[in-house]
> 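Dropping a structure here in structure tokens format, bear with me for questions.
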Amino acid sequence: MNLLSETPASPTPTFFVRDVPVYGDVILAPMAGFSDVPYRAICREHGSAMSYTEFVSVEGVIWKSKRTRRLLAFVPSERPVTFQIFGADEDQIVTSCQRIEEWGPDIIDVNLGCSTPNVAGRGAGAGLLRDPAKIGRIFARLSRALRVPVTAKIRLGWDDDSRNYLQVARILEDNGASLIAVHGRTRMQNYSHPADWDAIAEVKQAVKLPVIGNGDVKCVADIDRIKRQTGCDGVMIAQGAMGHPWIFQRRDREEVPFLEKTAMMRRHLMAMVDFYGEETGVVLFRKHAVRYLRGTPDVTQLRILLLTRARVVEVMQAIDAYEAHVCEFESGVWQDKPGSWKLEQTLALDSLTSHLCSPISELSLGV
Ligand SMILES: Cc1cc2nc3c(=O)[nH]c(=O)nc-3n(C[C@H](O)[C@H](O)[C@H](O)COP(=O)(O)O)c2cc1C
């Protein structure tokens, strides 16, 4: 059974990436360490209009690393799926994009925005923004060499003195790019500086390509605001979607009932275990778990349990006990003092089996 309905959310595509239709206007951003198969599938199910993989390095592709292959796994129901790649060397970028094209993406995206020193500092990611002519050469070659559309995710420039986003956007368009996602910050502004949506509006005005606006979209009202302010075709959400797949259903965190959050935690955990195996799945789930719990009451003890338990059954027990505790609190029969709940409930094995039967456990690799 697929997680997603076979029928697109809307009969008319919201926009096209060259000849690839996209239904919907809100998209989970690529996030290394977060936007893996389980979380992307959950977000697609909740209305994210397409999938971007986490970025992979050209070296990982060329050296045929197992990890890279896993990072580019996807489930068919995620389509349209975009593979994202980063690198600094023109030849390596072209060669590795040709190789990953064989692994079945609908679109290939080149990262021109990563700000971390070990990427941008060696001329990849946002480092490429310092050499617009090189960007032009790379996209001219890629658009000739690839059958699938090639797109870019950019920042506004390296720093405030080199905000060359309009020049870069025009170069991308002139050299065969099919979409530009614009993160409205410079490389130096990293992630916390307020995003400049007016600059995204300028890009939208400057090119005929579809433009995705990104940066500082934290709630449903922000989705509508950035669309109004920039005229962008789609909106990409990263930090605002951590532990909050419901944003793709246009529901804010406060609108999601507590029990829906705990149910999603269980389901997400089982999807992680299915995909990675128990040992890795439980550990990788932790960073998601703490984000689902943002704003829920009396959470310190659960956080400690989540961060220290290695078995899926123990994590399930902790979530069940916490859930019971909060429900007691909310129904006004809280016997204990806040913060003093204990992991007393034991989870029967048949109850764990029912978690294991969650539909997301049917995920399989798309490659
Ligand atoms: C943990 C994390 C990992 C990220 N990894 C990637 C990545 O692999 N590729 C990419 O293009 N951007 C990556 N980004 C940047 C986001 O896609 C996005 O552009 C940025 O966070 C701004 O959006 P926001 O304000 O909604 O968070 C990452 C961001 C975060 C927080």
Side-chain angles (χ1 to χ4, degrees), residues 2-10 13-56 61 68-86 97 100-111 113 146 148-153 178-181 183 210 212-214 217 223 233-249 264 267-268 271-272 274-276 284 288 359-360 362-367:
N2 266 344
L3 276 175
L4 302 176
S5 143
E6 296 296 322
T7 320
S10 141
T14 309
F15 60 91
F16 283 88
V17 185
R18 201 185 67 194
D19 48 355
V20 178
V22 178
Y23 298 88
D25 59 357
V26 192
I27 298 158
L28 176 67
M31 275 187 284
F34 279 88
S35 60
D36 56 3
V37 172
Y39 197 53
R40 292 198 314 260
I42 287 171
C43 290
R44 279 289 276 134
E45 185 193 347
H46 282 67
S48 171
M50 60 193 288
S51 272
Y52 276 70
T53 64
E54 316 171 41
F55 64 5
V56 298
V61 175
T68 298
R69 187 80 190 192
R70 165 109 89 179
L71 289 173
L72 295 183
F74 65 96
V75 285
S77 52
E78 287 182 67
R79 290 190 185 279
V81 65
T82 302
F83 285 178
Q84 196 193 55
I85 194 152
F86 71 95
C97 284
I100 62 175
E101 185 178 40
E102 302 307 318
W103 301 349
D106 299 292
I107 297 162
I108 293 181
D109 184 82
V110 181
N111 179 299
L146 300 180
V148 298
V150 56
T151 64
K153 181 161 173 283
S178 295
L179 170 143
I180 308 174
H183 176 187
I212 296 182
N214 169 237
V217 176
I223 298 172
D233 302 272
V235 177
M236 186 177 259
I237 307 177
Q239 294 163 95
M242 287 172 163
H244 186 42
W246 299 276
I247 196 158
F248 300 106
Q249 295 177 325
M264 179 59 75
R267 188 163 166 231
H268 193 162
M272 299 291 278
D274 277 347
F275 188 67
Y276 293 105
L284 292 180
H288 294 281
I360 206 166
E362 290 166 29
L363 283 172
S364 60
L365 294 192
V367 294

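Everything numeric here is computed off the predicted structure, so don't read it as measured data. This chain uses plain numbering: 1 for the first residue, then up along the sequence.
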> Are the side chain of Ser48 and the backbone of Leu28 linked by a donor-acceptor contact shorter than 3.5 Å?
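Yes, because the side chain of Ser48 sits within donor-acceptor range (under 3.5 Å) of the backbone of Leu28.
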> Roughly how far, to the nearest 0.5 Å, is the CG atom of Asp109 from the CZ atom of Phe55?
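Going from the CZ atom of Phe55 to the CG atom of Asp109 covers 11.5 Å.
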> Taking all atoms of both residues into account, what is the closest heavy-atom pair of Pro21 and Asp19, and its distance?
CD-O, 3.4 Å
> With a 4.5 Å limit on heavy-atom distance, are the side chains of Met31 and Met242 in contact?
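They are in contact (side-chain heavy atoms under 4.5 Å apart), so the answer is yes.
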> Just wondering, do Ser51 and Arg44 contact through their side chains at under 4.5 Å, heavy atoms?
yes
> Mind running side-chain contact (heavy atoms from CB on, under 4.5 Å) on Leu146 and Cys97 for me, showing each step along the way?
CA-CA 8 Å; Leu146 300 180; Cys97 284; 4.0 Å; yes
> I need the Ser35 OG to Gln84 CD distance, nearest 0.5 Å.
8.5 Å
> Run through His288, His46, His244 and flag the one making a ring pair (Phe, Tyr, Trp, His ring centres under 6.0 Å) with Tyr39.
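Going through His288, His46, His244 one by one, the ring pair (Phe, Tyr, Trp, His ring centres under 6.0 Å) with Tyr39 is satisfied by His288 alone.
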> So which heavy atom on Arg40 is nearest to which on Ala73, and how close?
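For Arg40 and Ala73, the tightest heavy-atom pair comes out as NH2-O, 2.8 Å.
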> Please find the pair of heavy atoms, one from Pro13 and one from Phe16, that lie closest to each other, and give the distance.
CG-CZ, 3.6 Å
> Any sub-3.5 Å donor-acceptor pair from Arg70's side-chain atoms to Tyr276's backbone N or O?
no
> Can you find a heavy atom in the side chain of Val148 that is under 4.5 Å from one in the side chain of Ile107?
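No; the side chains remain at least 4.5 Å from each other.
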> To the closest 0.5 Å, what do you measure between CZ (Phe83) and CZ (Phe74)?
5.0 Å
> Would you say that Ile108 contacts Thr151 through its side chain, given a criterion of any heavy-atom pair below 4.5 Å between the two side chains?
no
> What closest approach, in Å, do Gly24 and Phe15 show between heavy atoms, and which atom pair accounts for it?
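Here Gly24 and Phe15 meet closest at O-CE2, 3.9 Å.
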> Can you tell if the side chain of Ile85 reaches within under 4.5 Å of the side chain of Ile100, non-hydrogen atoms only?
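SC-SC contact between Ile85 and Ile100 confirmed.
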> With a 4.5 Å limit on heavy-atom distance, are the side chains of Val20 and Pro80 in contact?
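Val20 reaches Pro80 side chain to side chain.
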> Would you indicate whether the side-chain heavy atoms of Met272 and Asp36 approach each other to under 4.5 Å?
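In contact.
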> Go through the steps to decide whether Glu78 and Val37 satisfy the test side-chain contact (heavy atoms from CB on, under 4.5 Å), and finish with yes or no.
CA-CA 9 Å; Glu78 287 182 67; Val37 172; 4.2 Å; yes
> Apply the test side-chain contact (heavy atoms from CB on, under 4.5 Å) to residues Met50 and Val81: give CA-CA distance (whole Å), side-chain angles for both, the deciding distance (0.1 Å), then the verdict.
CA-CA 6 Å; Met50 60 193 288; Val81 65; over 6 Å; no
> How long is the straight-line distance from CG of Asn214 back to CD1 of Ile180, given to the nearest 0.5 Å?
13.5 Å
> To the nearest 0.5 Å, how far apart are CD1 in Ile223 and CE in Met236?
13.5 Å
> Which heavy-atom pair separates Gly104 from Arg79 by the least distance, and what is that distance?
O-NH1, 2.9 Å
> Could you go through the side chain to side chain donor-acceptor pair (under 3.5 Å) check for Asp25 and Thr14 one step at a time?
CA-CA 7 Å; Asp25 59 357; Thr14 309; over 6 Å; no
> Can you tell me how far CD1 of Ile27 sits from CD1 of Ile212, rounded to the nearest 0.5 angstrom?
3.5 Å
> Main chain of Gly33, side chain of Glu54: is a donor-acceptor contact present, judged purely on distance under 3.5 Å?
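Yes, Glu54 side chain to Gly33 backbone: donor-acceptor pair under 3.5 Å.
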> Does any N or O in the side chain of Arg18 come within less than 3.5 Å of the main-chain N or O of Ser178, such that one atom is a donor and the other an acceptor?
no
> Begin with the C-alpha distance, continue with both residues' side-chain angles, and end with the deciding distance and a verdict on side-chain contact (heavy atoms from CB on, under 4.5 Å) for Glu45 and Phe248.
CA-CA 9 Å; Glu45 185 193 347; Phe248 300 106; over 6 Å; no
